[in-house]
2 protein chains.
Amino acid sequence: MGGRTRATLGLFVIAIETFATPASGIAASPGERWTASDIVTAPQVSDLAMSSDGKEVVYLLHTANLAANRPEFEIHLVTLADGKDRVIVRSGFLDRLRRIPGKNSWSVLADLGQGVQLYEVKSDGTRTELVRNPKTVLVGSADGADFGMAQMPPMQVGIASYDWSPDGKRLVYSQLEEERTAPRTLTGDAVREASARRRWSPHVRVSFFLRTNGEADAAIFDRPASDRIARYFGGMLAWDADYVEYGVQVDDNPTPAVQRYRWSFRTRHATPSGDSTALAMQDRIAGPGGGELEISGEGPEQRLVEKRPDGTSVDFGKAMISLSDWRSPGHWRAADGKFAVVAVKIIDEAKYALLRLDRGGKSRRIEVPESLSHCAFDAGLSRGACIREGLTYAPELVVVDPASGSVRSVAPISARHLRLERFAKVRRTWTNRFGYEAVGFVLYPRGYRPGRRYPAVIVTHGGDADERFITTEFQWSYPIQLLLDQGYIVLAVNDPYPAQSEQLQGALRSWTTCDGRVAPAEIQRLVWLNTVESYRSLVKQLDDEGLIDPAKLGIAGYSAGSQMVNVAVTQTSLFRAASSGDGGYLEPAAWRYQQCTYRAIYGGAPGDARARGNYTALVPSYRAAPGQAAVLQQMAEPRSGAVEFHEALIAAGVPAQISLYPGETPASDETHLFHIPSNRLAALQENVDWFDRWLGRGAGASNMQTPPSRRSSDASRHRRPQEQAFAVP
Amino acid sequence: MGGRTRATLGLFVIAIETFATPASGIAASPGERWTASDIVTAPQVSDLAMSSDGKEVVYLLHTANLAANRPEFEIHLVTLADGKDRVIVRSGFLDRLRRIPGKNSWSVLADLGQGVQLYEVKSDGTRTELVRNPKTVLVGSADGADFGMAQMPPMQVGIASYDWSPDGKRLVYSQLEEERTAPRTLTGDAVREASARRRWSPHVRVSFFLRTNGEADAAIFDRPASDRIARYFGGMLAWDADYVEYGVQVDDNPTPAVQRYRWSFRTRHATPSGDSTALAMQDRIAGPGGGELEISGEGPEQRLVEKRPDGTSVDFGKAMISLSDWRSPGHWRAADGKFAVVAVKIIDEAKYALLRLDRGGKSRRIEVPESLSHCAFDAGLSRGACIREGLTYAPELVVVDPASGSVRSVAPISARHLRLERFAKVRRTWTNRFGYEAVGFVLYPRGYRPGRRYPAVIVTHGGDADERFITTEFQWSYPIQLLLDQGYIVLAVNDPYPAQSEQLQGALRSWTTCDGRVAPAEIQRLVWLNTVESYRSLVKQLDDEGLIDPAKLGIAGYSAGSQMVNVAVTQTSLFRAASSGDGGYLEPAAWRYQQCTYRAIYGGAPGDARARGNYTALVPSYRAAPGQAAVLQQMAEPRSGAVEFHEALIAAGVPAQISLYPGETPASDETHLFHIPSNRLAALQENVDWFDRWLGRGAGASNMQTPPSRRSSDASRHRRPQEQAFAVP
């Protein structure tokens, strides 16, 4: 357990985390030095389940097998009585670990040599096949593969998703089926789609079946794999005593509209559900009174309300929260209806917790200073288990008492990561020139000394800068811990959070559904320029406080973050170096297959005279100019927009480097979230080198401690072929 | 031999082909009706060779195997004494049929079940392996294939090229070798290239070996497959008694510069040849006096001159010709140096012939009213053989007497094609508003009646509208013969020919070498707008002559022709319908990997403010506008520029359709020149339907004869899925 106090923590802690002033009270916990391998092998818990009797917990751990150079998955079983943790299944792929309702065993999608199939796993590790589809389909970023889950190598998949009815008597599962068809001429939209893809995909259908005890499996519906609700969200099932409800995608917008259907167990047919189409991702969360929980009201005034079946409402008070956030989902209702528990993200505190809601309208948080995530409960909702983790706090398994709110440590998830240095961190909230508030964290370097100015790097990815420990969806290939180790300040920064404002939400909705309600210039202002203004305000504050050296600023972000990086370096002169990961959105090259959102942002095609001003205002490659930040682009695929930006940087004489990381074979690609450990290690190192080159020692950061190991790697980087690619300014 | 007079033709005919006025003297030779299959199976002779004694001719025939749905190649042997033609080899791939100097046998690259290897073939059809590389490499438009020859399915290739020394004692051959390397990170230009490719390619080297009688094969040089001179032009070898000379590509411009090396037979090493680098494609043609033939002087004043080794020159007179044109190459010198024969294209007559050049400076044409192409001679240069063919004249084998210039028919190449209707044709030369002359042909419909106006379709591809019979490089998937059969006039039109003007040549050079000498606006004017002006002038003339209905004009072209189609329909309102084949050049999407030529045309990147006016002036997708011609795009690959144009047409409300024709499997593509017979048949039909829809019967062409077979296909097209794709204006 070593190194950290494991005591029962705050009972219904009211979040009064003091906003420490940056130059005072900054305390790190000393520990071993971080290496790139520690980042790549960081433990990521994706699922957690508790036995009905509350005595055992299983969790699904995703890490990396450095020797085999591939991802590694493990199912761990912990007996809560003694805190003993043992691995009961190990595999190259595991997903969706669940308790089988009414049984003392677990179900999981696993590749155990037969492609991905559905298995039952007992606590002693024995496995039984539950459903097997022998005609597997290749899935992944590869020639001939159905587009796959992020962060996985190409693999064979038989069963794509499953869900148990709450009583465990029914099971819905989906299987992938490849359609073998003769070559045919493509026309219209299909040609456009082919022009947007690097790898070709077969035609795949997703077929859903219902298994009921003692009956033959019944086919309930099937959809093309292009239906993202069917393919990646298991059809968004909802169970009732008489039917199972599923959703079907009715348009192809980035946030698609969904029509729901009810498949009756009696008639064995589906009928459209009474609801009209709604946007996807709107899950239904049960309140204690059997109604539905909603966030109502606008911005800072928004409240958590239960709309009960009898038409009445119960108000649980102000709540700047996201209910059952996909990063830590879950909601549970006590059988007697006295209370419910909901997993929430507390948006303006950038952390995850539980909310206990009593029938009478009382709401209480169950929380720790960092986050409680991935929670699960026993059958009676008398005991729960969660992962306690934070931005600088290595994950541990805790048990939660929903009655008292007490939280007790059980076992660390990774003993190694517990021994590593825990960097100091201060959460900040600030308001930008446009009047919007953003949340982020200042992370202080090893050996931080107040009164000195440090080079600093912003790391950003939408709203993912929060109290979780090394998630690839936030950190990607950015070496936060290595930069801190070497004397950089790291700023983990979020976009202004949409929940604070109807205007922001409206702009985002117009962007992703192209509803045409918000004008392109206003979308540009509220989405990208607004976040740039947040960077500017934060940098100004930290400069005023004497914390950072404003001449040595960097920024890093992938995907949505790469949009921000590319916009920030072409709209401001704040930064000297940037790392932009696997993104090419906003560039004209993507217009032809991004028309919905590009119309929203730009008002038309790049060649449309009326749209031209909007392109000139925002397109990064149109705005590349001498003197701007040096830009490294790390790519999983040679996206045309990214190459367009790189070429524009080179043409403008800006130092620029683009690196395409390889897949396992020439017939496959690295995935958007890198999955090949050797690529992850190399990409981390490439970023260290890049920021060192433009911000670091070469630029005279005299206050930085350079450990010998880093010096040697610093020398070796001069041999890297990537270094040949950029033009020195 | 039926249906056509086979007599000895014009002895040193001086080309006084009358320019028939369109409304008079138009005579077709009646024959059987054309079908789409007749176009797809049209015989294409690619190589021809003659035995040393002049008694036998072999030729390589490329046609289509409709039953097997693949290309078909045959080596035919004709004994000249009796005109008997028999097939001695049949295969899915044959290339580069040559006489082996000093032997009574032939050599050819052939796929006979071992991948493409080099064979010796005897007149009785027996084959011996000459060189075999067992480690073959996949070549073609397919995943994992080295980019291949046009018009072929993916195939295994061992030997890529070969050449005999003139005495037959030495042989140079090249083999392909795949480099197996661990996955590696790509940077810079390699990422840009990956972003431009639909299919991934392995790293392939082209290794050249010299075989000398009685010695072990010697490795002489090797190059990456990206060296187009090595990969596709066999290293551009030139033989001397003491060395063999080869060229190496030194830049990657569309017209690359080449450095030549001499590999000494004595030292067994290469040294740079005295010449500095020169542009590729400048072959050396021997004159009768042992010097080099050149075209000297400008435009209409240009003359054919031999520069002799002693520094003197011999002037053969005015010559608007292309020497040893790649479409019908060849040059031969008599052993006694009394005369030489050169295959030429007579540019302003759009035909191919031979030129006999005597040592004293006398020049005489050997020709027929159509073309003499693919010629070969016996060892003593006392007898030759050629293909006689024309735009409407099915090919036949002829023998040529270089002394007298007589031409005698020997055998038809395809009896079937000889029986088909031979449409009337008139060659025209005209000058456009910019002052440049163009050459083309008016092809008259079946049953043409003077005094009526006809709907008309321009078919164009650079300078390929000439006296050859159904070449895919000109006609592609355009159903010229079917349109003529149905009552359209077809205009086979060339760009203004560059040889007439230093200005035109300079603009083309600046375009393809980006030498920066000609300004972008002037390149646009002299290349694309100049050709558009030629269309305008021709249409005006034919309208004035009452020949065409100017409200029913179409235009069709692929590749370079697709550029012209896309420019013509967005710069003029001449056309009502267009078919644009497999091209996306000129669109901004291609900027990032076409920077050399795009800088020449546009002066910078699409986002560069200084370049913007040049983009607005020419980019087809920037100029799509309501009311312009309906555009069908037929694609072999989903090229981004083509999709960009299609999307712009749809956005502008222009009727548009894009069709992507499939490869053999999802892992391969149809090739730029289609090679799959079923695709070729479907693409021809799709064009017939498209022009019928916008120009034809539906639009009330009352004078058109509609045979019953066409009516039924006209009805059936309403069921074609392609028809769903376009928006009716």
Side-chain angles (χ1 to χ4, degrees), chain A residues 143-144 183-198 200-202 588-589 591-593 595 604-609 612 615-616 619 621-624 635 638-640 642-644 646-648 651 657-667 679 682 721-722 724-726, chain B residues 143-144 183-198 200-202 588-589 591-593 595 604-609 612 615-616 619 621-624 635 638-640 642-644 646-648 651 657-667 679 682 721-722 724-726:
Chain A
D143 291 330
R184 63 191 182 89
T185 306
L186 301 180
T187 58
D189 292 352
V191 182
R192 187 185 61 217
E193 278 157 39
S195 84
R197 284 201 306 254
R198 171 154 151 90
W200 62 270
S201 297
W591 151 259
R592 69 183 186 284
Y593 50 88
Q595 291 187 31
D608 185 336
R612 202 157 295 147
Y615 278 89
T616 311
V619 168
S621 74
Y622 283 12
R623 301 179 61 89
M635 309 299 300
R639 300 179 197 282
S640 18
V643 175
E644 223 166 42
H646 174 74
E647 296 295 320
Q657 183 166 312
I658 188 164
S659 301
L660 173 64
Y661 283 81
E664 284 82 359
T665 72
N679 282 344
Q722 292 92 311
Q724 310 310 319
F726 57 79
Chain B
D143 291 331
R184 62 190 183 87
T185 307
L186 301 181
T187 58
D189 292 352
V191 182
R192 186 186 60 217
E193 277 157 39
S195 84
R197 284 201 306 254
R198 170 151 150 93
W200 62 272
S201 297
W591 151 259
R592 69 184 185 282
Y593 50 90
Q595 291 187 32
D608 185 337
R612 201 156 297 145
Y615 279 89
T616 311
V619 168
S621 74
Y622 283 13
R623 302 179 61 88
M635 308 299 300
R639 301 179 196 282
S640 19
V643 175
E644 224 166 41
H646 175 74
E647 295 295 320
Q657 184 166 312
I658 189 165
S659 301
L660 174 64
Y661 283 81
E664 284 83 359
T665 72
N679 282 344
Q722 292 91 310
Q724 311 309 321
F726 57 80

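Worth knowing before you read on, the calculation uses all heavy atoms, side chains too, and leaves out hydrogens, waters and symmetry mates. Throughout, protein chains are lettered first and strands after them, A, B, ... in sequence-line order, and every chain is numbered starting at 1.
Contact of B:Ala651 with chain A is not made at all, since no heavy-atom distance falls under 4.5 Å. In this structure, the portion of A:Arg612 lying under 4.5 Å from any heavy atom of chain B is its side chain and not its backbone. Of the two parts of A:Val191, the backbone and the side chain both hold a non-hydrogen atom closer than 4.5 Å to a non-hydrogen atom of chain B. For a residue to count as touching a neighbouring chain, one of its non-hydrogen atoms must lie under 4.5 Å from one of that chain's; by this rule A:Ala667 touches chain B with backbone and side chain alike. For a residue to count as touching a neighbouring chain, one of its non-hydrogen atoms must lie under 4.5 Å from one of that chain's; by this rule A:Ser201 does not touch chain B. Contacts between B:Ser640 and chain A at a heavy-atom distance below 4.5 Å involve backbone atoms as well as side-chain atoms. In this structure, no portion of A:Ala648 lies under 4.5 Å from any heavy atom of chain B. For A:Pro606, the parts lying near chain B are the backbone and the side chain together; criterion is any non-hydrogen pair under 4.5 Å. For A:Arg184, the part lying near chain B is the backbone, with the side chain staying farther off; criterion is any non-hydrogen pair under 4.5 Å.
In terms of heavy-atom pairs under 4.5 angstrom with chain B, the leader among A:Ala589, A:Gly607, A:Ala196, A:Ala190 is A:Gly607. For the set B:Arg198, B:Gln595, B:Glu644, B:Arg639, the count of heavy-atom pairs under 4.5 angstrom toward chain A peaks at B:Gln595. Across B:Leu660, B:Val619, B:Asp189, the residue that shares the most heavy-atom pairs under 4.5 angstrom with chain A is B:Leu660. Listed options A:Arg197, A:Arg192, A:Arg623, A:Glu664 were ranked by heavy-atom pairs under 4.5 angstrom with chain B; first place goes to A:Arg192.
In this structure, B:Pro183 and A:Gly663 approach most closely via the heavy-atom pair CB-O, 3.6 Å.
The ring pair (Phe, Tyr, Trp, His ring centres under 6.0 Å) search around B:Tyr622 returns none, not counting sequence neighbours.
Here A:Ser195 contributes atom OG and B:His646 contributes atom NE2; the two are 10.5 Å apart, rounded to the nearest 0.5 Å. Note that CE of B:Met635 and CG of A:Leu186 are 12.0 Å apart. Values are rounded to the nearest 0.5 Å.
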